[in-house]
Structures are given as C-alpha cells and as structure tokens.
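Computed over heavy atoms, backbone and side chain alike; hydrogens, waters and symmetry mates excluded.
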Amino acid sequence: MGTPEQSTAEGPTASWAERVAGLAGSCHPGPVVAVTALIAALAVTAGQSAARCVLTAAAVLTGQLSVGWCNDAFDARQDIAAGRRGKPVVDGTVGVTEVWVAACAALALCVPLSLACGLWAGAVHLTGVAAAWAYDLRLKATAWSWAPYAVGFAALPAFVALALPGHPWPAWWVVTAGALLGVGAHLGDVLPDIRGDLATGVRGWPHRLGPDGTRLLLPVPLVAASAVLVLGPAGPPGRWGLAALAMAGLVAVAGTALGHRWERAAFAAAVAVAVVDVALLLLRDTGIA
C-alpha cells in the first residue's frame, strides 16, 4: 500500500472498495450521523412537514460531510507527523485530492439545499458551515478556535426554526444553548488529542488552557446549556427539567473529579451531559421559535 507519506503525496494504491470505505471514514462519520439525526429529530418535533424535514436533513448532512472531509484533507500532513494511524488519508486508503473533491462537491450541494429551505434559513445554515470551514482552515490553531463551534451549533436550531412556515425567528434560549453546546463540543473533541496537537504546533484555545484546564472547564458550558434549556423557555421548568439539570450537574462534577486520574472520565461525563441537553432540547413542550 505504501507509506502514509507516499499515499498522501501521490494518492492511494488501495482497491476501489477500500478507497470508497476510506472516503466514508474520512468524513468523521460519527459526528456527521449524530448531528444530522439530531437536527432531523428537532425538525420533526418543531413541526416541519415531512418534505421539509427531509430537505433540512439533506442540507445538514451535506454541510457536515463537507466540513468533515475538509478537516481530514487539510490536516493530513499534520496527522502523519503526529502518527495518528487509523485515519484513512494517513493510512493511504484514500488520497488527499479525492477527499478535497468530495468536500467541495458536498459543499456545492449544501448551498442549494439550504437555500431551498428559505432565504434566511439558508443564509443562517451556510453561515454555520462557513464558520466550520474557517475552523478547519485557520481558526483551529488560534485562541478563537471556540468561536466557529459556537456559531455552527447555534446556527443549527436557528436553521430549523427559520425553515418553519412563516419563517419565525428562533427563541433566544435555543440559540444560546446551541452555542454553549458547541463550546463544550469543542473542548471535548480536542481534549484527547491536546498533547499530540501541541507536539505539531497547534495552539487553539483548549491547547492554551492545557489538558488540566480543558478538563476542568469542559463541563461548564454543557451544564450552562442545560440550565438555559430548563430555565429559558416561558413557564415553570417542571420537576423533570429540574431533575435533568441536577443530574447534569452531578455527572459533570463526578467526571471532572475522576478525570484527574482517568482523563477519559471527563470526556465520558461531557458526553453524558450533552445527551441530557439534547434530550431537553427535543422534549421541551415550548416551541423553538
């Protein structure tokens, strides 16, 4: 198959099936599927028609695919330097050029699909996608690395709200919670790779905080998102909302405490709190617009 360096520079020598699998793996399929499924579910609970739900999901899917492929293609040489085996471009199962072509094709599809949901809805979603591309290409190595995540995650529920009949503006609390979840997602995504990133010169916001600082800060935006989702909508939060908020706080504190000895505990706790936040977002009786 050749060395990773040869594969990155000259293209892979893998079979057609391996290259297709590599292309699928290089889009970051976990986050792509999770985000697309979440927004599709949010579109359903928000009251979008079946056709509009499909269109919304397709726009989000193509946007997420473009971002994932852009990330892997742009980071290929850095990933090789850090020895991050398991990434298709690094392992030589797909070439950088192919991944760039896939990223641009997905982005080209994302534009009309987004605008088909309405001018304002499309503009908001494409702003989020543009922020994610800016992260991949430049901002991830700066102190502003958190900003694209905040913008991108805030844009997603706003996109769903603006795609509803009448194109209503989203409620402040759903946009705020989305931005907070985005900051938490950034911290959680970077935490396992901080040491390897530092070795290759990456100096994003979490890297400047260091592993311990990132671990301690990680639960804060996620629990804050829980609080906004419980307390932000009009009317009393209800006992289930308060119970969910208390659970999120306890899990976050436990993860931070255990993370001092076992770093993955902090990440696992952050994922658990994020799941609570997603459930609150989907199950609140108050509409998002």
**Test salt bridge (charged side-chain N to carboxylate O under 4.0 Å, His left out) applied to Asp72 - qualifying residues, sequence neighbours left out** = Lys87
**Prompt:** Leu281 and Met247: same hydrophobic cluster, using ILVMFWY side-chain contacts below 4.5 Å?
**Reply:** yes
**Asked** With distance as the sole test, does Trp69 use its side chain to make a donor-acceptor pair with the main-chain N or O of Leu23 at under 3.5 Å?
**Response** yes
**Prompt:** Going only through I, L, V, M, F, W and Y residues with side-chain contacts under 4.5 Å, is there a path from Val20 to Val33?
**Reply:** no
**Request:** Find the distance between CG (Leu280) and CG (Leu245) and round it off to the nearest 0.5 Å.
**Result:** 8.0 Å
**Fill in**
Closest non-hydrogen contact found for Pro88 with Gly25 is CG-C, 3.8 Å
**Request:** Indicate the atoms forming the closest heavy-atom contact of Ala158 with Val175, along with that distance.
**Result:** CB-CG2, 4.4 Å
**Item:** Verdict with reasoning, Leu164 to Gln48, per side chain to side chain contact (heavy atoms under 4.5 Å, CB included)
**Value:** CA-CA 6 Å; Leu164 289 167; Gln48 287 189 8; 3.5 Å; yes
**Item:** Over 12 non-hydrogen atoms of neighbours within 6.0 angstrom of CZ in Arg208
**Value:** yes
**Request:** Each residue besides Val124 in its hydrophobic cluster should be listed here, by chain and number; the cluster joins Ile, Leu, Val, Met, Phe, Trp and Tyr at side-chain heavy-atom distances under 4.5 Å.
**Result:** Trp120, Leu162, Trp169
**Asked** Do the side chains of Trp240 and Leu242 join up, straight or via other hydrophobic residues, at under 4.5 Å, putting them in one cluster?
**Response** no
**Item:** salt bridge (Lys or Arg N to Asp or Glu O under 4.0 Å) contacts in which one or both residues fall within residues 161-177, not counting sequence neighbours
**Value:** none
**Request:** Please answer whether the main-chain N or O of Thr256 pairs with a side-chain N or O of Arg215 as donor and acceptor at a distance below 3.5 Å.
**Result:** yes
**Request:** Tell me, with the steps shown, if Leu139 and Thr142 meet side chain to side chain contact (heavy atoms under 4.5 Å, CB included).
**Result:** CA-CA 5 Å; Leu139 293 179; Thr142 74; 3.9 Å; yes
**Message:** Using 30° and 60° as the class boundaries, would you call the ring planes of Trp100 and Trp133 parallel, tilted or perpendicular?
**Reply:** tilted
**Item:** Polar side-chain atom of Thr214 near backbone of Pro211 as donor-acceptor pair, under 3.5 Å
**Value:** no
**Item:** Distance (rounded to the nearest 0.5 Å) between Leu119 CG and Ser114 OG
**Value:** 11.5 Å
**Least distance between heavy atoms, Ala141 atom then Val202 atom** = CA-CG1, 4.3 Å
**Message:** Which label fits His186 and Tyr135: parallel for a plane angle under 30°, tilted from 30 to 60°, or perpendicular past 60°?
**Reply:** perpendicular
**Request:** Verify, without hydrogens or angle tests, whether His125 (side chain) and Gly122 (backbone) share a donor-acceptor contact under 3.5 angstrom.
**Result:** no
**Prompt:** About how many Å separate SG of Cys110 and CG of Leu115, when rounded to the nearest 0.5 Å?
**Reply:** 9.0 Å
**Message:** I need the minimum non-hydrogen distance between Trp146 and Val183, along with the two atoms involved.
**Reply:** CE3-CG2, 4.4 Å
**Request:** Please round to the nearest 0.5 Å and tell me the distance separating atom CG of Asp75 and atom OG of Ser26.
**Result:** 12.0 Å
**Request:** Treat each ILVMFWY residue as a node, draw an edge where side-chain heavy atoms are under 4.5 Å apart, and state whether Val228 and Tyr149 are in one component.
**Result:** yes
**Message:** Let me confirm one number: the OG1-CD1 distance from Thr56 to Ile39, rounded to the nearest 0.5 Å.
**Reply:** 9.5 Å
**Request:** Establish whether Val44 and Leu38 are linked, either directly or via other cluster members, by ILVMFWY side-chain heavy-atom contacts under 4.5 Å.
**Result:** no
**Rounded distance [0.5 Å steps], CG in Leu181 versus CG in Leu156** = 10.5 Å
**Request:** Would you confirm whether Thr127, through its side chain, and Ala123, through its main-chain N or O, come within 3.5 Å as a donor-acceptor pair?
**Result:** yes
**Message:** If you compare all heavy atoms of Ser66 against all heavy atoms of Ala103, which two are closest, and at what distance to 0.1 Å?
**Reply:** CB-O, 3.4 Å
**Prompt:** Nearest heavy-atom pair of Ala225 and Ala177: which atoms, and what distance?
**Reply:** CB-O, 3.9 Å
